[in-house]
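Below: the structure, in structure tokens.
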2 protein chains.
Amino acid sequence: MSSTTKESGSRNRTRRAILDAAITLLATRPQASLAEVAEAAEVGRSTLHRYFPERTDLLSAVVEDSLAQLTVAVTTAELHRGTPAEALRRITHAYFELSPVLLVLFGEHLIDTRKDLIGDLDEVDAPVFELLERGQREGFFDNGVSAEWLNRVLWAVVYTGIAACAEGAMTRHAALESISRTLERGTRAE
Amino acid sequence: MSSTTKESGSRNRTRRAILDAAITLLATRPQASLAEVAEAAEVGRSTLHRYFPERTDLLSAVVEDSLAQLTVAVTTAELHRGTPAEALRRITHAYFELSPVLLVLFGEHLIDTRKDLIGDLDEVDAPVFELLERGQREGFFDNGVSAEWLNRVLWAVVYTGIAACAEGAMTRHAALESISRTLERGTRAE
DNA sequence: GCACTTTGGGACATCGATGTCCCACAACGA
DNA sequence: TCGTTGTGGGACATCGATGTCCCAAAGTGC
């Protein structure tokens, strides 16, 4: 509930630099060493250890920060507004823009570190879940599968687009278009 | 092109046991140690090293074996027969049954070891690609996205179902049903 | 039963990642 | 300017994973 409070200002900046670098790096290479993270953050290895004494401390902070960013995105999307189709498009877009965060959260390494944060993830995308259920009730989304399944598919398809971009197989625009199209068709009711 | 040829018979059995255990284990824990692999295969660590001197040797063999299994599955599915919808259902089913193999191939750790095997993967599911293109030509599958995209979505959705099963969130039957349903709707033309 | 093959496990060296400590130096604020 | 705060890098100990070697024991086929 508080991370950018207190502290000297320069401490906050350093902390953010480390976190940003870690998220970017761990998104593509979850097994990256702390030395690599420090280098990516343009920070000494001892400084990194000063902020995050152990590797798990860094991992936890990365996941927490990712969840925080995700929360902001979900909240901003105001999924209760407009038609389910429109809201789906908004959240899809929002997820896509959070590429590194998605990658970090989707990668399974968080399982190794903090089991308790998995529950937080469910909490964070509760609004998405509600959107999916609302869409099902209103006849927009497929009722033949569970809302949980739709949620999983949402994540998977967005992830696929991000991965395709990362490989250079598609442009961001093309990926976003394909994601939206496939999701709309795959999730809507007859 | 040859792996179960020659050799003493007991060597083949041991090799298979190691490979099977490795695929199963690495599917869920790509970073598992060689000691764990040996234990899972009920084999001494020195025996493991005798068959696969280095870790990369084991990883390569695992990927090669996975590709071989995938090849058999794709060939057996005879994707050129029947309607695209039927063929899609067959390959979906086949992929799903190969859960651990899919997990191993989908996990990115293969990228670290043998870049050259990625091309082999494209080669292996070339028939799937052809199916998707055929379906597009015949008006069964969505023409608004690329066949490559459809292929990625196919993998992603099957993977999602497998993951859901692994977490105990769904039964295998429910997962397979959801996968098929979502894929059919998500990929077909208007 | 005998010779050959295969196996299991211990002992050992090595390597990279991690974590700790310390100290000189730079940055910053009153 | 001076004291406080933050930083970078080196030295070091530790740990787990990896890889090598060897030998006694179990398994296999003739």
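Chain letters run A, B, ... following the sequence lines, proteins first and then strands; every chain starts at 1.
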Judged by nearest nucleotide, the residue sitting upstream toward the 5' end of DNA chain C, Gly44(B) or Glu54(A), is Gly44(B)
To the nearest angstrom, the CG-C1' distance between Leu58(B) and dG19(D) comes to 14 Å
Whole angstrom is fine here: how far is it from NE2 in His49(B) over to P in dC12(C)?
18 Å
Please state how far atom CZ in Arg11(A) lies from atom P in dT7(D), giving the value in whole angstrom units.
7 Å
Spacing between Leu48(A) atom CG and dG19(C) atom C1', to the nearest angstrom
11 Å
Taking NZ, NE, NH1 and NH2 as the nitrogens, is one of them in Arg29(B) or Glu36(B) under 4.0 Å from a carboxylate oxygen of the other?
yes
Nearest-angstrom distance from the residue atom CZ of Phe52(A) to P of dT7(D):
12 Å
Angle class for the Tyr95(A)/Trp155(A) ring planes (parallel below 30°, perpendicular above 60°, tilted otherwise)?
tilted
Any donor-acceptor pair, under 3.5 Å, between the side chain of Arg50(B) and the base of dG8(C), if you only look at N and O atoms?
yes
Roughly, in whole Å, what's the span from CD in Glu39(A) to C1' in dG8(D)?
14 Å
What is the distance from CZ of Arg13(B) to C1' of dG27(D), rounded to the nearest Å?
10 Å
Report which part of the nucleic acid Glu36(B) touches: base, sugar-phosphate, or nothing (heavy-atom distance under 4.0 Å, all strands).
nothing
With a 3.5 Å cut-off and heavy atoms only, can you find an N or O donor on one side and an acceptor on the other between the side chain of Ser46(B) and the base of dG9(C)?
yes
Quick one: does any side-chain atom of Arg185(B) pair with a main-chain N or O of Arg185(A) as donor and acceptor, under 3.5 Å?
no
Spacing between Arg55(B) atom CZ and dC15(C) atom C1', to the nearest angstrom:
15 Å
Would you indicate which nucleotide in dT20(D), dG8(D), dT18(C) comes nearest to any side-chain atom of Val43(A)?
dG8(D)
Any Tyr51(A) side-chain N or O less than 4.0 Å from OP1/OP2 of dT7(D):
yes
Within less than 4.0 Å of OP1 or OP2 of dG8(C), is there a side-chain N or O belonging to Thr47(B)?
yes
Would a distance-only check, ignoring hydrogens and angles, find a side-chain to backbone donor-acceptor pair under 3.5 Å from Glu177(B) to Val145(A)?
no
Distance check: side-chain N/O of Ser33(A) vs OP1/OP2 of dG16(C), anything under 4.0 Å?
no
Would the base of dG19(D) count as contacting Arg45(B) through its side chain, where contact means a donor and an acceptor less than 3.5 Å apart?
yes
Is Thr47(A) reaching over with its side chain to a backbone N or O of Val43(A), donor-acceptor style, under 3.5 angstrom?
no
